[in-house]
Each structure stands twice: as structure tokens, then as C-alpha cells.
Amino acid sequence: MRDKLAVLRPSANGAQVGFWSPADGRQVDPPFREVPIRRNPAGGQPSGGIGEAMPLVAVMLVLMVVYWVRRESLAMPVLIPPGPTAATLGRRGIAALIDAAPAAAVTLAFWWKPVMVFWADYQTAQQNKQMISAAPMFWPWMTLVGLYSVYTAVVELVWSVTPGKRLMGCQVVSETLEKPAPAQVIIRNAARLLELEPHLSIWPFLLVVFMTRNRQRVGDLLARTIVVEPGEGQGRVEDPEAARK
């Protein structure tokens, strides 16, 4: 269409475009067609700019608060004595998947239809090499995170260790290697609601685990807890106080 000019005009839905040939002076051919305009899902300003940067700013503020509260321990991290060691990320990841299974089952039972509709739309978008909004999955995801957080908190309060951590040989202890207080258990589990909030950038929270000496997530830093596993040749640490001594 090098011999034609693009003509753009406003319309009720945004804008329309057509092509006009100055050589023969014909009217716009083909007829005007609507131009798709990318909009914010909430119907506000077009996406991009300050709006998309706000979640990252919020994450940075949270991390700055955590750093300020725990600045002394981050500068001089807790040294774990010979015996139990900080649990590896592999063990913790598998334990988390096991512990999240009950919450995932309940979430799917409650949100089965929306999840299946989203999955079908996602597959169609993948085949057409298109992007799809994850907004329909907000409440199913928050249901999963909420149930998972409540479940792990209750189990740790009652039995001191979740099934996933027990199977993987891990357990939660305070930074003094003593049994965590109920408040510590609640804080470390409630922090997941922030760490896994979908509107925030989750990856900075994940990086915290790699950047701390004892592989502590933000919840562990706030609660002053550590996830440990037995050292080589040891079984599960049944008495954290004895291990500390």
C-alpha cells in the first residue's frame, strides 16, 4: 500500500482507519475499520507508566521495612551450631507442594468452572500466539493462598510441623533454635498473603531466600524463624533446645 495514505478518524469506540489513493482520487477503500486500542482491564487509563510501576514500588517499600526491622541480624546472621542446617530450597519446595495440595483440592472444588474456562482460553491464546489477562484467576489464587496459609499455621500450632516438612525431614525453629512461639508461627504463615499477592511482583520476595544466609523468606525474617533439616547422619531434631546446646 505504498501508493495509498492511511486515514484515521475518531469513532464512538475509539478510532477507525482506512486507506485513500491520491492517484485516482477515489474514496477510502476498503471502508473504515475499527482500530483495537489496548485499555486497562479496569477501564481506566491505558496500561503502562506509573500504574504498572506501583506494585514494584510497594514491594520495594515492604523489603525496606523488613531490612530496617532486621538490619542487625542481616548484617550478622544467625550462626547455626553443628547439627541441624538450614533446609535446602529443594526440600522446602517439595514440602510446600505437599502442604499446598489440600488447599489446591478445595480451591479447585470451589472454583472449578472459572479455572477450566480460564485454562481453555489460555490454551486458545497460546495457539494463536496471543496474551491473555490473568484477572479471572485473582480470587481462585487468593483462595488457594489463604487456605494454604491458614492450614499450615493451624497444623504448625497443633503438631509443630506440617506433613510436607515432616516427610522432607524439615521443621521450623526460632533463631535461637528453640520451638517457635505461637505468635512466630502466625506471623510467618500470615506473611504468605503478602509474598504471594498476585498484584505485587512476587520475584523480589523469592530473591530474599537466596540472599539470606539461612535461606529465610520474608515471613521468616519477620517472625525470626528458620527452616532447618537434620545434619548428615542425624534424624529429625526432636528437641531444638538440645541441638542448640
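Basis for what follows: all heavy atoms, side chains included, without hydrogens, waters or symmetry-related copies.
When all heavy atoms are compared, the tightest approach of Val227 to Cys170 is CG1-CB, 4.0 Å. Annotation for Thr85 and Pro230: closest pair OG1-O, 4.3 Å, computed over non-hydrogen atoms. Of all the heavy atoms in Gln216 and Thr212, the pair that sits closest is N-OG1, 2.8 Å. The two atoms that bring Leu147 and Ala103 nearest to each other are CB-CB, 3.8 Å, heavy atoms only. Residues Ser149 and Leu193 share a closest heavy-atom pair of OG-CD2, 4.1 Å.
Atom-to-atom distance recorded for Ile94:CD1 and Leu167:CG is 10.5 Å, nearest 0.5 angstrom. The CD atom of Gln123 sits 9.0 Å away from the CD atom of Gln126 when rounded to the nearest 0.5 Å. Interatomic distance, NZ of Lys179 versus CD of Glu156, reported as 11.0 Å (0.5 Å rounding). The distance from atom OH of Tyr151 to atom OG1 of Thr162, rounded to the nearest 0.5 Å, is 7.0 Å. Residue Arg215 holds its CZ atom at 6.5 Å from OG1 of Thr88, rounded to the nearest 0.5 Å.
For CE of Met211, the number of neighbouring non-hydrogen atoms (other residues, nucleotides, ligands) closer than 6.0 Å is 12 at most. Dense packing is recorded around CZ of Phe118, with more than 12 heavy atoms of other residues, nucleotides or ligands lying under 6.0 Å away.
Note on residues 120-146: pairs passing ring-ring contact (aromatic ring centres under 6.0 Å, His included), not counting sequence neighbours, are Trp119-Tyr122, Phe138-His199.
Using a 4.5 Å heavy-atom cutoff, the side chains of Val106 and Thr143 are not in contact. When side chains are defined from C-beta on, Arg188 counts as touching Arg217, because their heavy atoms get closer than 4.5 Å. When side chains are defined from C-beta on, Phe210 counts as touching Leu89, because their heavy atoms get closer than 4.5 Å. You'll find the side chain of Gln171 reaches within 4.5 Å of the side chain of Val228, heavy atoms only.
Taking hydrophobic clusters as Ile, Leu, Val, Met, Phe, Trp and Tyr residues chained together by side-chain heavy-atom distances below 4.5 Å, Leu194 shares a cluster with Ile187. Residues Ile98 and Val155 do not share a hydrophobic cluster, clusters being chains of Ile/Leu/Val/Met/Phe/Trp/Tyr side chains in contact below 4.5 Å. In the hydrophobic cluster analysis, where Ile, Leu, Val, Met, Phe, Trp and Tyr join through side-chain heavy atoms closer than 4.5 angstrom, Leu222 is grouped apart from Val185. Clustering ILVMFWY residues whenever any of their side-chain heavy atoms sit less than 4.5 angstrom apart, transitively, puts Val209 in a cluster other than the one holding Ile226. Tyr148 and Leu108 fall into different hydrophobic clusters, defined by Ile, Leu, Val, Met, Phe, Trp and Tyr side-chain heavy atoms under 4.5 Å apart, directly or through other members.
Side chains of Thr225 and Asp220: a donor on one and an acceptor on the other come within 3.5 Å.
Under the salt bridge (charged side-chain N to carboxylate O under 4.0 Å, His left out) test applied with Glu229, the options Arg91, Arg166, Arg92 reduce to a single match, Arg91.
Listed by chain and number, the hydrophobic cluster partners of Leu97 come to none, as no ILVMFWY side chain reaches under 4.5 Å of it.
Using a cutoff of 4.0 Å between basic side-chain nitrogens and carboxylate oxygens, Asp99 and Arg192 are not scored as salt-bridged.
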Ile186 and Leu157: side-chain contact (heavy atoms from CB on, under 4.5 Å), yes or no, with the steps? CA-CA 8 Å; Ile186 293 174; Leu157 286 171; 4.3 Å; yes
